[in-house]
Amino acid sequence: MDTPLSTIAVVGLGTMGTGIAEVLALAGREVIGIDISEAAALGAVASLEASTARAVTRGRITEEERAAALARFRTADTLQAAADAELVVEVVPESYEIKQQVFRELDAIVSPTTILATGTNALSVTRLAAESQRPERVLGLHFFNPAPAMKLVEVVSSVLTAPPAVEAVTRLARELGKEPVAVGDRPGFVADGLLFGYLNQAAAMYEANYASREDIDAAMKLGCGLPMGPLALLDLIGIDTARTVLEAMYAESHDRLHAPAPILGQLGSAGLTGRKAGRGFYTYDAPGGQDVVPDALTPAAGAEAGAGREVASVGVAGSGTMASGITEVFAKAGYTVVLAARSQEKADTAKGRIAKSLERSVSKGRLSAEARDETLGRITAAGSLDAFAEVDLAVEAVAEDLEIKQQLFAALDKVCRPGAVLATTTSSLPVVAVARATARPEDVIGMHFFNPAPAMKLVEVVRTVLTADDVHATVRAVCAKIRKHPVDCGDRAGFIVNALLFPYLNNAIKMVEEHYASLDDIDAAMKLGGGYPMGPFELLDVVGLDVSLAIEKVLHREFRDPGLAPAPLLEHLVAAGCLGRKTGRGFREYARR
């Protein structure tokens, strides 16, 4: 089986098959594209011609290289054309019946040494291999869309796959300029196994009317640095495809997090399968289009809920990194800010931290020296909450402990003038429990900033059942003035970002516990296949394993879903004092500075 894989057949010339054929042809392989549809074959040729022409225009390849690649690609309408192929990659529809029929026919056509690869991301490679006459040469080769651009390739072995076949295909992936990740046979493999649970939860969140589609997508893009929001991504993937993957995952895991949200079935049954249909969670300019157009659910421009209260001065309670960052944000936006800590010394230290941050901005040319001085001049450091007597908005940024926050809000209730808005930056605690510590719960709201506050654009605006409309309108207006993007959500554990992010992180830990994949392979898969700026284990170590565990426990306690129970490995690492970068060891070890 130690073959060079120089002649490769691609069965199925849809978007993925055409993309794979392009990658192979540009890498010097002879490629036979096979599809029973003449239109699909003609479309693949046209797509290859257009794509390679763009590559020439952009200087990525020469005209001679383009001509050679096009000459290496030919099409056929029968599997008989694969007779001389050393590797066959099938990317036909996600159906056992269709794929098994392809493999049965190929068994009678190809050489005994030919490797048969399935491009499935949802079906069992083992089951497909078992139907073949030579299961040892069957494996999974999962490219990501668009195949020419995406670096990740998951190489999937079943218990029947011969190691030489895996080695040959892995070597090919590297020669194509891809990053192969070796994984075992289970629905979704690594990248989709983690991605689709997250997408499913986002769909369920939207279905529950917890937040708008626009706010869910904006929260995950701005809060996590993702290239697309989950609902827009579902539209791109295809809602019917997503449901198929989730059904396969649920059949194996019986985890409720994988049980497809009913809205996915409803949209699919209605033919609203996403971009390809012109409508899914969003409406598009045409079937297959990518431009979102307004529909009945699109928020009206500038439609805010009533008038808010005037805010000229702001109080920020706390002395840590978050409090300093929030103070800097407000002062830069022109607000007079009182930064109050438990002592004058702590407040002065926090203001000093802001001065250093502003100085860095000056040195990088992002801020003028004059603006730095004006910003610092708007900040007053105080050692007592009594300095909040005249502020219009008080924002707490103290420890994530309900009792501490309740005590603080009871104090703010006595100090702050009537009509002042009181905001908590909690990321996981019930805002209403904080509000009830005051005699004016209608004035209390959540303003969840993300760290580092000066850089992160997102603020989750959390209304309780008691929050007044004008308080909500006030905070929305303030967010606009400080140049943050507000997203509205209700008062439940995790709000939007953490409620979607931490179950995904928890599932990644479970993959390692089950010895399914390594830390490095999982991190690589999510960065290369999902477009995540950091892999899950990189992120866990940055956030802090103790912080992550606390949030996981809050989510599990509120939603009572067994699938949300913190992974035992996370609990063990925290108990051992391995909390991530801050202790020098978490999932990985770090050099101490």
Side-chain angles (χ1 to χ4, degrees), residues 1-3 5 8-12 16 20 82 85-144 152-174 178-196 244-254 258 510-518 521-522 524-525 529:
M1 235 178 269
D2 187 16
T3 56
L5 305 184
I8 300 171
V10 178
V11 182
M16 181 60 82
I20 294 170
E86 294 142 347
L87 168 67
V88 181
V89 182
E90 72 75 15
V91 274
V92 299
E94 286 289 273
S95 158
Y96 278 118
E97 184 178 354
I98 296 172
K99 290 182 186 291
Q100 286 170 338
Q101 179 64 30
V102 168
F103 280 132
R104 278 195 296 269
E105 291 186 29
L106 286 171
D107 273 335
I109 294 169
V110 301
S111 160
T113 60
T114 298
I115 299 171
L116 302 181
T118 172
T120 184
N121 67 341
L123 305 181
S124 168
V125 176
T126 306
R127 181 171 165 185
L128 292 172
E131 292 290 320
S132 170
Q133 291 178 10
R134 288 180 288 275
E136 72 280 357
R137 48 80 184 273
V138 178
L139 47 69
L141 193 59
H142 181 212
F143 287 80
F144 287 74
L152 180 67
V153 174
E154 291 177 319
V155 180
V156 189
S157 303
S158 79
V159 292
L160 305 170
T161 310
V166 176
E167 291 162 10
V169 168
T170 301
R171 186 166 58 249
L172 171 68
R174 291 198 179 98
K178 303 299 184 184
E179 294 285 345
V181 170
V183 296
D185 181 24
R186 75 184 211 181
F189 312 130
V190 173
D192 286 351
L194 293 177
L195 178 65
F196 278 87
T244 298
V245 175
L246 286 164
E247 288 283 14
M249 291 172 65
Y250 181 71
E252 178 167 309
S253 71
H254 299 292
H258 299 151
K510 291 177 183 177
M511 277 190 176
V512 170
E513 281 182 334
E514 295 163 5
H515 305 288
Y516 177 65
S518 68
D521 280 350
I522 293 172

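What you see below is based on every heavy atom in this structure, not just the backbone, and it leaves out hydrogens, waters and symmetry mates.
- Using a 4.5 Å heavy-atom threshold, the side chains of Glu94 and Leu123 count as touching.
- Between Gly184 and Val156, the shortest heavy-atom distance links the atoms O-CG1, 3.5 Å.
- Judged as a side chain to side chain contact (heavy atoms under 4.5 Å, CB included), and not counting sequence neighbours, the contacts of Ile109 are Leu79, Gln80, Ala83.
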Could you walk me through whether Gln101 and Glu105 satisfy the side chain to side chain donor-acceptor pair (under 3.5 Å) test, starting with their C-alpha distance in whole Å, then the side-chain angles of each, then the deciding distance to 0.1 Å, before giving a yes or no?
CA-CA 6 Å; Gln101 179 64 30; Glu105 291 186 29; 2.8 Å; yes
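- Take Gln100 and apply the side chain to side chain contact (heavy atoms under 4.5 Å, CB included) test, not counting sequence neighbours, and it matches Tyr96, Arg104, Arg127, Leu128, Glu131.
- Residue Asp185 forms a side-chain hydrogen bond (donor to acceptor under 3.5 Å, both in side chains) with just one option from Ser157, Ser124, Ser158, and that option is Ser124.
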For a side chain to side chain contact (heavy atoms under 4.5 Å, CB included) check, start with the C-alpha distance between Lys99 and Val92, then their side-chain angles and the critical distance, and finish with the verdict.
CA-CA 7 Å; Lys99 290 182 186 291; Val92 299; 3.7 Å; yes
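- Among Ile115, Thr118, Leu160, the single residue meeting the side chain to side chain contact (heavy atoms under 4.5 Å, CB included) criterion with Leu139 is Ile115.
- Smallest separation of non-hydrogen atoms from Ala191 and Leu152: CB-CD2, 4.1 Å.
- What you find for Ala129 and Pro135 is that their closest heavy atoms are O-CB, 3.2 Å.
- At a threshold of 4.5 Å between non-hydrogen side-chain atoms, the residues Leu141 and Val155 count as touching.
- Between the side chain of Asp107 and the backbone N or O of Gln133 there is at least one donor-acceptor pair closer than 3.5 Å.
- Between Val88 and Val102 there is no side-chain heavy-atom pair separated by less than 4.5 Å.
- Nearest heavy atoms, Ala85 versus Thr114: O-OG1, 2.9 Å.
- Take Glu514 and apply the salt bridge (Lys or Arg N to Asp or Glu O under 4.0 Å) test, not counting sequence neighbours, and it matches Arg186.
- Not a single salt bridge (Lys or Arg N to Asp or Glu O under 4.0 Å) links Glu179 to another residue, sequence neighbours left out.
- A heavy-atom distance below 4.5 Å is not found between the side chains of Thr113 and Arg137.
- Shown here are the salt bridge (Lys or Arg N to Asp or Glu O under 4.0 Å) partners of Arg134, two or more places apart in sequence or in another chain: there are none.
- Here the shortest heavy-atom pairing between Glu154 and Val183 reads CB-CG2, 4.2 Å.
- Residues Ala82 and Leu106 share a closest heavy-atom pair of CB-CD2, 4.1 Å.
- Residues satisfying the salt bridge (Lys or Arg N to Asp or Glu O under 4.0 Å) test with Glu247, not counting sequence neighbours, are Arg243.
- In this structure, the side chains of Ile522 and Val512 come closer than 4.5 Å at one or more pairs of heavy atoms.
- Taking the six-membered ring for Trp and thresholds of 30 and 60 degrees, His142 and Phe144 have ring planes inclined between 30 and 60 degrees apart.
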